[in-house]
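Remarks on the structure that follows.
Chain identifiers are assigned alphabetically (A, B, ...) following the order of the sequence lines, protein sequences preceding nucleic acid strands; residue numbering begins at 1 within each chain. FYI, side chains are in, hydrogens and waters are out, and symmetry mates aren't considered; it's all heavy atoms of this structure. Predicted model, so just to flag it, every value in this text is computed and none were measured.
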2 protein chains.
Amino acid sequence: MVSASVKDVAALAGVSVGTVSNVLNRPEKVSAEVTVRVQGAIDKLGFVRNDAARQLRAGLSHSIGLVVLDAANPFFTELARGAEDRAAAEHFTVLVGNSSEDAGREAAYLDLFEQQRVRGVLISPVGNVIPRLEQLRRRGIPTVLVDRQTENLSFSSVAVDDLAGGEMAVAHLLSVGRQRIAFVGGPENIRQVADRLSGARKAMESAPRASLEVIPTESLTVLSGRAAGEAIRLRPAAERPDAIFAANDLLAVGVLQGLMLMGGVQVPEEIALIGYDDIEFSAAAVVPLSSIRQPSALIGSTALELLLREASQESGFAPRQVVFPPELVVRASTQA
Amino acid sequence: MVSASVKDVAALAGVSVGTVSNVLNRPEKVSAEVTVRVQGAIDKLGFVRNDAARQLRAGLSHSIGLVVLDAANPFFTELARGAEDRAAAEHFTVLVGNSSEDAGREAAYLDLFEQQRVRGVLISPVGNVIPRLEQLRRRGIPTVLVDRQTENLSFSSVAVDDLAGGEMAVAHLLSVGRQRIAFVGGPENIRQVADRLSGARKAMESAPRASLEVIPTESLTVLSGRAAGEAIRLRPAAERPDAIFAANDLLAVGVLQGLMLMGGVQVPEEIALIGYDDIEFSAAAVVPLSSIRQPSALIGSTALELLLREASQESGFAPRQVVFPPELVVRASTQA
DNA sequence: CCCTTTCATTGAAACGAATCAAAATCCGGT
DNA sequence: ACCGGATTTTGATTCGTTTCAATGAAAGGG
C-alpha cells in the first residue's frame with residue numbers, strides 16, 4: 001500500500017468518509033469522541049492528504065507562480081523571499097521558475113503554471129509575454145509584473161523608481177559638498193541605466209554651480225568599472241571629478257579599485273563614490289561603499305498582495321502601478 | 001467559463017473523451033483526420049490539461065522537491081540549476097523550498113512535498129530530519145542528501161570532498177615553489193573548515209622542508225580576512241609566509257585587501273594567495289584570485305539522477321554515496 | 001459472401017477528497 | 001411515550017483525466 005486515503009481512515013475509525021473530511025476541515029462540527037477516534041486512525045495509518053485530489057475538487061490551487069530573470073541575482077532571491085513569506089501567511093505556496101533571461105524557458109514556465117491552475121502569476125518578463133498574459137487573464141489567472149514598468153497599464157505592476165534613485169544618489173553627493181560629479185555607467189539602452197542617469201540630471205537642476213560629466217562604460221561589470229577608474233586616476237588632479245556616481249555596485253567596486261591602484265586617488269577624501277543596488281559586497285569593499293538600496297523583499301510581498309487581491313475579485317479589478325522609492329545607504333565612501 | 005475540459009473538447013470535435021485523451025497521449029493510435037479535428041477543438045477552446053486531475057489519476061506526480069539551506073547562496077542556486085536542467089530532460093519539475101537554515105521551515109516543506117506526492121526529495125538538511133526521511137521512504141518517497149556526508153549510510157548522498165580540496169590548494173602552492181604556507185580560516189568547528197585544513201596538512205606530508213602555519217579567524221568574512229591580512233603585512237618581511245591558503249573566497253578577498261593596503265605586500269610576487277569556493281567575485285578582485293571550485297551544478301544533476309533511479313526501483317535499492325573532487329582554478333594570485 | 005484479423009473509437013470506471021441534502025441521533029419538555 | 005428542534009453523521013455525487021475492455025468498422029482471405 002503506497003498511502004492511505006480517507007476511505008481507509010474512515011473504515012478503521014468506523015465512520016463515513018464525510019466525517020473524516022469534517023474532522024479535517026470543520027472540526028467544530030464533529031463530536032469530541034469521534035474526533036479522537038478519527039485522529040487515532042489518521043495517526044496509525046500515517047494518512048496524508050492528497051493535494052491533487054483536493055485541488056481537483058476545489059478547481060483551483062493554493063499556489064502562485066513566480067518567474068524571475070535570474071535566480072542567482074540577490075535582488076530576485078530577496079524578492080522571492082518577500083513573496084514567499086507573504087504567501088505563507090495566506091496559506092499559499094510560491095512556485096519559483098527561473099527563466100535565466102530566456103524567452104523559451106519563460107514560456108515553458110507559464111505553460112506549466114497554467115496546467116497547475118495556479119491562482120496567479122508574478123513575473124519579471126523577458127520576452128514579449130503581454131499577449132500570453134492577457135490570454136492567461138482571460139482564463140482566470142491574473143498577473144502582476146515586478147521590476148518592470150509596463151507601458152501596458154492594464155496590468156498591475158510593482159517596481160522601483162530608478163529615476164528617484166539616481167536623483168537621490170547625486171543629491172547626496174551634492175549635500176556633502178561635491179560639485180564636479182561624474183556618472184559612470186552604460187550602455188544607456190538598459191532602462192535602469194538610462195533612468196538612473198536621468199535622475200542624476202534632475203538632481204543637478206537644483207545645483208547650478210555643479211557640473212555632471214558622463215563616462216560611458218561597455219557593461220555593468222567590475223572590469224568596466226576598473227577601466228573607468230584608472231582612466232580617471234591618470235588624469236591631472238585638477239581635471240578629476242570630486243565625486244562619482246556609478247550605475248551599479250559592480251561598477252563602483254571596479255572604479256574603487258581603479259582609483260586606488262598604486263596608492264593613487266584617496267576615497268572619499270579626493271573623490272567620493274556611490275554605487276547602486278547595495279549588493280552584499282559593497283559593505284565589505286576596501287572602502288565600504290555608499291549605495292542605493294532597492295526594497296527587494298517589499299516588492300515581492302507587495303506584488304503578492306496585489307495579486308491575491310486581484311485573484312479574489314470576480315472581475316473588474318482596477319490594475320494598480322506601485323512604485324517604491326529606493327533607499328540611500330551611506331557608508332565611508334562618501335563621508336569625508 | 002473558467003476553463004475547458006476534455007469533455008468540452010470531445011463534444012466540439014464530435015468524438016469521445018477517450019479519443020481526446022489518445023490524441024494527447026498516444027497520437028499514433030489516432031487517425032489523421034480525427035487528430036486534426038480534435039486539435040482544432042483544443043485550439044478553439046484554449047484547452048489546457050489539468051495537472052491535478054492527471055496526477056490524481058496517475059497516483060504520482062512529475063515533481064521532485066528540493067530543500068536548500070539558503071537560496072541566496074550561489075552554491076545552492078547553481079546546484080538547483082543543475083537539478084532543474086536534469087529534471088527538465090526527464091520531464092520532471094523541481095519545486096524549490098528554502099529552509100533558511102530553519103528546522104521549522106524545513107519540516108513544513110517536507111510536509112508540503114508529501115502532500116504533493118512528489119516523486120522524491122533532495123535535501124541539504126538543517127535539523128535532524130533523518131527519522132522523517134525514513135518515514136517518507138516507507139511511504140514511497142525516496143531522498144538523496146546533498147552537500148552533507150551522512151553518518152547514516154542508508155541514504156544516498158552527493159557531496160564534495162573538502163579534504164581533497166584543501167590538499168589540492170596546498171599542493172598547488174607547493175608546486176609553484178612556495179615553502180612557508182599559512183592557512184587562514186576558522187572557526188574550526190565548521191566541518192568544511194576542518195576538512196580543508198586537514199587536507200592542507202595532508203599535502204604537507206609530501207614536502208618535508210615546507211612548513212604550515214595556522215592563522216585562525218573568527219568567521220568566514222571579508223572583514224576577518226582583512227584583519228588577518230593586515231596582521232601578516234605588519235610582520236617583518238622575513239617572518240611572513242610566502243603563500244596563504246584561505247578557507248574561503250570571502251576571507252581571501254579580505255586577506256588580499258589587508259596585504260595590499262598602502263602599497264604593502266605584493267601578490268603574488270611576495271605572497272601567493274588561494275581561496276576556496278570560486279565565488280563570482282574572485283575573478284574580479286584587484287588581483288584575480290586562484291580558488292577551489294565546487295562542481296555545484298554537477299552535484300545537483302547527479303543527485304537528481306540518483307533520486308530518479310531510486311524512485312523507479314520497486315525496492316531494495318542500494319544507497320550510493322557520491323563524493324566529487326573539487327577543481328583547481330588558477331588565476332593571477334598564485335602565478336609568480 | 002462470410003469469416004477473421006486489424007485498427008480506430010468508445011464509454012464506463014477509477015483516482016481521493018470535499019460537499020451537502022438527507023437521515024439519524026440526541027435531548028429537554030410535556 | 002412522544003414531539004420538536006438541534007446537532008451529528010452519512011453517503012452519493014462531483015471535479016478532469018487516463019485507462020482498458022468492449023464495440024464497431026473496414027480490410028483481407030478463402
Side-chain angles (χ1 to χ4, degrees), chain A residues 1-39 41-42 45-62 91 112 114-119 139-140, chain B residues 1-39 41-42 45-63 91 111-112 114-119 139-140:
Chain A
M1 176 225 5
V2 179
S3 62
S5 77
V6 276
K7 218 179 287 179
D8 304 319
V9 173
L12 180 58
V15 298
S16 75
V17 293
T19 299
V20 176
S21 178
N22 282 337
V23 170
L24 259 23
N25 303 303
R26 298 107 113 183
E28 77 284 358
K29 296 269 162 208
V30 182
S31 71
E33 186 229 356
V34 169
T35 302
V36 168
R37 237 169 49 232
V38 171
Q39 272 300 347
I42 287 176
L45 293 175
F47 166 79
V48 174
R49 281 155 131 105
N50 183 323
D51 234 28
R54 305 186 72 188
Q55 190 163 309
L56 172 58
R57 182 72 233 274
L60 29 73
S61 78
H62 267 80
H91 301 277
L112 179 67
E114 188 178 9
Q115 289 184 20
Q116 310 242 34
R117 300 292 193 272
V118 296
R119 207 59 150 270
R139 295 179 184 170
Chain B
M1 175 228 3
V2 180
S3 62
S5 77
V6 275
K7 218 178 288 179
D8 304 319
V9 173
L12 180 57
V15 299
S16 74
V17 294
T19 299
V20 175
S21 177
N22 281 338
V23 171
L24 259 22
N25 303 303
R26 297 106 112 184
E28 78 283 359
K29 296 268 164 211
V30 182
S31 72
E33 186 230 353
V34 170
T35 302
V36 168
R37 235 168 51 231
V38 171
Q39 272 299 348
I42 287 176
L45 294 174
F47 166 79
V48 175
R49 281 155 130 106
N50 182 323
D51 232 28
R54 306 187 72 188
Q55 190 164 311
L56 171 59
R57 181 75 235 269
L60 30 73
S61 77
H62 267 80
S63 315
H91 299 130
D111 288 354
L112 179 68
E114 188 178 8
Q115 290 184 19
Q116 310 241 35
R117 300 293 192 273
V118 296
R119 208 58 150 269
R139 296 180 183 168

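Here the CZ-CG distance, from A/Arg57 to A/Asn50, works out to 14.5 Å after rounding to the nearest 0.5 Å. A/Arg54 CZ to A/Leu56 CG: the interatomic distance, rounded to the nearest 0.5 Å, is 12.5 Å. Between A/Asn22 atom CG and A/Ser16 atom OG the span is 8.0 Å, to the nearest 0.5 Å.
In the helix from C/dC1-D/dG30 to C/dT30-D/dA1, the rotation axis of the first five pairs and that of the last five pairs differ in direction by 60°, rounded to 10 degrees.
One can place CD of A/Gln55 at 13 Å from P of D/dT17, the figure rounded to the nearest angstrom. To the nearest angstrom, P of D/dG16 lies 13 Å from CG of B/Leu45. Taking atom NZ on A/Lys29 and atom C1' on C/dA21, their separation rounds to 14 Å, with Å as the unit.
Inter-residue side-chain proximity for B/Leu24 and B/Phe47 is flagged as met; some heavy-atom pair is nearer than 4.5 Å. Contact of the A/Arg37 side chain with the A/Thr19 side chain is not registered, since no non-hydrogen atoms from C-beta on lie closer than 4.5 Å.
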### Summary
Letter by letter from the 5' end, nucleotides 13-20 of chain C scores (B base, S sugar-phosphate only, - none; protein heavy atoms under 4.0 Å) -BBBBBB-

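A/Ser16 has a side-chain polar atom (N or O) that falls below the 4.0 Å cut-off from OP1 or OP2 of D/dT10. One finds no side-chain N or O of A/Thr19 lying less than 4.0 angstrom from the OP1 or OP2 phosphate oxygen of D/dT8.
Under a 3.5 Å cut-off, the side chain of A/Arg49 and the backbone N or O of B/Gln115 do not form any donor-acceptor pair. In this structure, B/Arg117 contributes its side chain and B/Ser61 its backbone to no donor-acceptor pair below 3.5 Å.
Screening B/Gln116, B/Gln55, B/Glu114 for a side chain to side chain contact (heavy atoms under 4.5 Å, CB included) involving A/Asp51 leaves a single residue, B/Gln116.
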